[in-house]
Amino acid sequence: MDNRQTVTHFLTRAFNEKQPVEAAQLLGSTYVQHNPQAPDGAAAFVAFIEGFTASFPEVTLDIKRTVADGDLVAVHSHLTLRPGDRGSAVMDIFRLEDGRIVEHWDVLQEVPEHAANDNTMF
């Protein structure tokens with residue numbers, strides 16, 4: 001699996017299949033988290049995702065595009081918490097070492113009801 005496939009599989013397992021334990025198998029021996037709401041480490045990742053998916057059991061992550069550059073993979077996706085939700089545009093950046101995810105950054109922006117242009121966020 002290349003880095004792009006690893007990250008896509010990781011996100012799909014965690015959010016859409018709601019299998020964070022299996023997703024965590026793709027993490028390295030260290031996992032540095034830059035999201036201020038999530039602690040470092042694989043066990044913390046599993047607990048965070050289990051809590052998140054328990055709060056939002058209908059959550060889906062629709063990956064729109066990925067960009068890979070060496071050890072970095074960026075993912076642009078549409079996160080919805082429930083059917084009919086406008087959701088959020090999400091940009092995740094992952095750093096990998098030896099095919100394992102070792103670092104993560106993300107930013108989220110809610111999809112507005114009205115926009116100043118006719119372009120979508122995706």
Side-chain angles (χ1 to χ4, degrees):
M1 217 179 321
D2 68 18
N3 287 348
R4 186 185 312 232
Q5 292 169 321
T6 297
V7 168
T8 300
H9 187 67
F10 173 77
L11 290 171
T12 299
R13 275 315 250 302
F15 288 94
N16 296 334
E17 297 173 5
K18 294 161 185 64
Q19 296 178 342
V21 172
E22 291 78 3
Q25 293 174 7
L26 298 170
L27 297 175
S29 58
T30 61
Y31 177 59
V32 178
Q33 179 59 259
H34 295 278
N35 179 322
Q37 298 177 351
D40 292 339
F45 165 79
V46 170
F48 180 83
I49 297 299
E50 285 177 343
F52 188 79
T53 57
S55 295
F56 304 102
E58 297 179 288
V59 65
T60 59
L61 186 71
D62 183 11
I63 296 171
K64 300 297 186 177
R65 59 192 52 84
T66 60
V67 178
D69 183 17
D71 64 350
L72 298 173
V73 176
V75 181
H76 181 214
S77 56
H78 185 194
L79 177 73
T80 55
L81 302 180
R82 65 189 80 54
D85 178 24
R86 283 193 306 277
S88 297
V90 180
M91 181 62 71
D92 289 287
I93 302 171
F94 294 91
R95 187 174 66 81
L96 291 86
E97 286 180 0
D98 300 320
R100 300 281 187 195
I101 298 167
V102 296
E103 199 163 7
H104 171 251
W105 300 259
D106 63 0
V107 291
L108 289 82
Q109 182 180 10
E110 289 184 18
V111 176
E113 186 174 347
H114 303 286
N117 58 57
D118 292 331
N119 307 317
T120 72
M121 296 178 76
F122 308 101

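Atom set for the values below is all heavy atoms of this structure, side chains included, hydrogens, waters and symmetry mates excluded.
- When hydrophobic side chains of Ile, Leu, Val, Met, Phe, Trp and Tyr are connected at separations under 4.5 Å, Val111 ends up clustered with Met121, Phe122.
- The OG1 atom of Thr12 lies 11.0 Å from the CD atom of Gln19; values are rounded to the nearest 0.5 Å.
- When hydrophobic clusters are built by joining Ile, Leu, Val, Met, Phe, Trp and Tyr residues whose side-chain heavy atoms come closer than 4.5 Å, directly or via intermediates, Val102 is not grouped with Val46.
- You'll find the side chain of Glu110 stays beyond 4.5 Å of the side chain of Arg86, heavy atoms only.
- A heavy-atom distance below 4.5 Å is not found between the side chains of Asp71 and Glu97.
- Between Phe94 and the options Leu26, Ile101, Asp106, a side-chain contact (heavy atoms from CB on, under 4.5 Å) holds for only Ile101.
- Annotation: ring-ring contact (aromatic ring centres under 6.0 Å, His included) contacts of Phe52 (sequence neighbours excluded): Phe56.
- Not one N or O on the side chain of Lys18 forms a donor-acceptor pair closer than 3.5 Å with the backbone of Ala54.
- The hydrophobic cluster of Val67 has no other members, since no ILVMFWY side-chain heavy atom comes under 4.5 Å of it.
- With sequence neighbours excluded, the residues that form a side-chain contact (heavy atoms from CB on, under 4.5 Å) with Thr66 are Arg4, Thr8, Ile63, Val75.
- Follow the hydrophobic side-chain contacts under 4.5 Å out from Phe10 and you reach Val21 in the same cluster.
- No continuous path of hydrophobic side-chain contacts links Val90 to Trp105 [ILVMFWY only; heavy atoms under 4.5 Å].
- The structure places CD of Gln25 at 7.5 Å from CZ of Arg13, a figure rounded to the nearest 0.5 Å.
- Ring pair Tyr31/His104 is parallel by interplanar angle, where below 30° counts as parallel and above 60° as perpendicular.
- Shown here is Asn117, whose CG atom has more than 12 heavy atoms of other residues, nucleotides or ligands within 6.0 Å.
- If you chain together hydrophobic residues whose side chains sit under 4.5 Å apart, Phe48 and Leu11 fall into the same group.
- Listed by first and then second residue, the salt bridge (charged side-chain N to carboxylate O under 4.0 Å, His left out) pairs involving residues 30-58 amount to none (not counting sequence neighbours).
- Under a hydrophobic clustering in which Ile, Leu, Val, Met, Phe, Trp and Tyr are joined whenever their side-chain heavy atoms come within less than 4.5 Å, directly or via other members, Val7 and Ile93 fall into different clusters.
- By the neighbour-count criterion of 12 heavy atoms within 6.0 Å, atom CD of Gln5 is densely surrounded, having more than that number from other residues, nucleotides or ligands.
- The structure places CZ of Phe15 at 8.5 Å from OG1 of Thr53, a figure rounded to the nearest 0.5 Å.
- At distances below 3.5 Å, not a single donor-acceptor pair connects side-chain atoms of Arg82 with backbone N or O atoms of Pro57.
- Pairs passing the salt bridge (charged side-chain N to carboxylate O under 4.0 Å, His left out) check and including a residue from residues 61-70, sequence neighbours excluded, read Asp62-Lys64.
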